[in-house]
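A short worksheet on the structure shown next.
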Amino acid sequence: MQHLLSSLDLSKRDIEKLFTTAKGIQNGDAKTLKAHPVLVLLFDEPSTRTRVSFEVAMAQLGGSSIYVDSHTSQMSRGETLEDTARVISSYADFIAVRTVEQADIIKLASASAVPVINALTHLEHPTQSLADVYTMMWKTGRVKGMRIAFLGDIAQNTANSLMVVATKMGASLSLVGPKGLAPNARYLAEARKFGDVRVTDSLEDGLAGADVVYTDTFVSMGDESSRSKREKLFAKYQLNGKALSYAKKGAQVMHPLPAHRGVEITGDVLDGPRSMVWEQARNKLLLEKAVLLQLSRRGPN
Ligand code: CP
């Protein structure tokens, strides 16, 4: 791995290696990075979990981080992505980027002398999906043979990355959303090379046999102007007690957060005994550490 830009670039072996590193850290293996490396977080969009967990990851690995809001950097006055990447990568050891366009992160990586990590674009959220699939494996003991039902907006970044990472690790998916909403064709085709991926508008059919029911916001970043339209469109796909009753007995619940209680998920389900969302959020730290260790050009101590 030179960069982590897309789930499409990750092989099953890459994912397994990251999971092994994460598991080692979880079991008390105190890994650190050499020579106090620095991560620059270059973010265009808000974040709580990804920003804080990357900053904590660097601190705990013996490095440090600098948060750069691109709106207050010279990028807001027209400095190119490539020039920004050249300069930042001459100071820092890693760059984590949260931006709108996947093409921009690829451009930035092409000019960077150091590893670039996708911390979310509107197309992908690969570090999230690594934490998600790791959490499924850690909590349930397996991913191979598991069926994940993804509920709601099946055409967004988390769904794209999750279907690719989860199928590479042996899971099947049901993408359950409104009639006429198609998943991203490229990600669907890639996921179908590795596992069974069904697309349905039927809540009952889609959740039947699901071991994990996964949902996410109905209004992704950038979609705020159509909030009321989207909330109406997806209302039927709210993850509530009734919806959960269609899944396997004991099915687990996931959400990458931030959650909107009473919109895509009800509070009783989010906070209930079948929810693993808090472990899922906590495991972002582990997987981000694993990514940083894997990408480090200086290697671990
Ligand atoms: N799940 C996630 O990416 O959360 P943040 O937007 O808070 O980083």
Side-chain angles (χ1 to χ4, degrees), residues 4-7 10 18 22 39-60 65-71 94-102 104-105 116-136 138-139 148 150-166 187 212-224 227 230 234 239 252-261 263-265 269-271 275-292:
L4 175 54
L5 305 181
S6 167
S7 60
L10 287 168
L18 289 166
L39 165 71
V40 168
L41 294 141
L42 185 59
F43 277 31
D44 263 356
E45 295 201 306
S47 169
T48 299
R49 280 145 288 274
T50 310
R51 174 184 176 177
V52 175
S53 52
F54 263 117
E55 293 203 20
V56 172
M58 283 304 287
Q60 292 181 350
S65 53
I66 299 169
Y67 182 77
V68 180
D69 174 351
S70 59
H71 299 106
F94 307 95
I95 309 175
V97 184
R98 174 167 286 206
T99 191
V100 174
E101 299 295 337
Q102 183 75 14
D104 285 348
I105 206 167
V116 173
I117 301 164
N118 182 340
L120 182 147
T121 65
H122 287 197
L123 190 69
E124 282 241 23
H125 200 355
T127 58
Q128 180 68 51
S129 301
L130 288 167
D132 295 345
V133 178
Y134 179 84
T135 304
M136 292 174 203
W138 166 68
K139 192 85 183 179
I148 304 160
F150 188 103
L151 209 57
D153 185 1
I154 58 173
Q156 42 89 297
N157 47 11
T158 307
N160 292 341
S161 298
L162 180 66
M163 72 173 118
V164 171
V165 174
Y187 286 82
V212 170
V213 186
Y214 193 116
T215 192
D216 194 0
T217 179
F218 293 159
V219 188
S220 292
M221 285 185 274
D223 292 332
E224 287 86 357
R227 175 178 297 280
R230 295 179 69 83
F234 293 113
L239 180 48
Q252 301 279 305
V253 168
M254 299 188 83
H255 189 310
L257 304 175
H260 308 87
R261 286 176 166 79
V263 185
E264 74 273 9
I265 189 164
V269 171
L270 185 73
D271 299 321
S275 170
M276 48 183 185
V277 298
W278 312 111
E279 288 100 334
Q280 181 184 0
R282 195 183 59 210
N283 286 339
K284 284 172 74 83
L285 176 62
L286 281 178
L287 270 295
E288 287 159 6
K289 282 184 182 175
V291 166
L292 290 162

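Residue numbers run from 1 in the order of the sequence given. Atoms within each ligand, like the ligands themselves, are counted from 1 in listed order.
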Can you pull every nitrogen or oxygen pair between ligand 1 and the protein closer than 3.5 angstrom?
unit_1, atom_1, unit_2, atom_2, d
ligand 1, 1 (N), Gln128, OE1, 3.0
ligand 1, 1 (N), Pro256, O, 3.0
ligand 1, 1 (N), Leu257, O, 3.0
ligand 1, 3 (O), Thr50, OG1, 3.0
ligand 1, 3 (O), Arg98, NH2, 3.1
ligand 1, 3 (O), His125, NE2, 2.8
ligand 1, 4 (O), Arg49, NE, 2.9
ligand 1, 6 (O), Arg98, NH1, 2.9
ligand 1, 7 (O), Thr48, N, 2.7
ligand 1, 7 (O), Arg49, N, 2.9
ligand 1, 7 (O), Arg49, NE, 3.2
ligand 1, 7 (O), Arg49, NH2, 3.0
ligand 1, 8 (O), Ser47, OG, 2.6
ligand 1, 8 (O), Thr50, N, 2.9
ligand 1, 8 (O), Thr50, OG1, 2.7
ligand 1, 8 (O), Arg98, NH2, 3.1

- request: I would like to know whether Gln128 and Lys284 meet side-chain contact (heavy atoms from CB on, under 4.5 Å); could you show each step before the answer?
  value: CA-CA 7 Å; Gln128 180 68 51; Lys284 284 172 74 83; 2.7 Å; yes

message: Could you tell me if Asn157 and Gln102 have a donor-acceptor pair between their side chains, going purely by distance under 3.5 Å?
response: no

- prompt: Are side-chain N/O atoms of Glu124 and Ser7 paired as donor and acceptor at under 3.5 Å?
  reply: yes

query: Do Ser65 and Phe94 touch side chain to side chain, with heavy atoms closer than 4.5 Å?
result: no

message: Test: salt bridge (Lys or Arg N to Asp or Glu O under 4.0 Å). Region: residues 41-60. Which pairs qualify, not counting sequence neighbours?
response: Arg51-Glu55

message: Just by distance, no angles: are the side chains of Lys139 and Gln252 close enough, under 3.5 Å, to form a donor-acceptor pair?
response: no

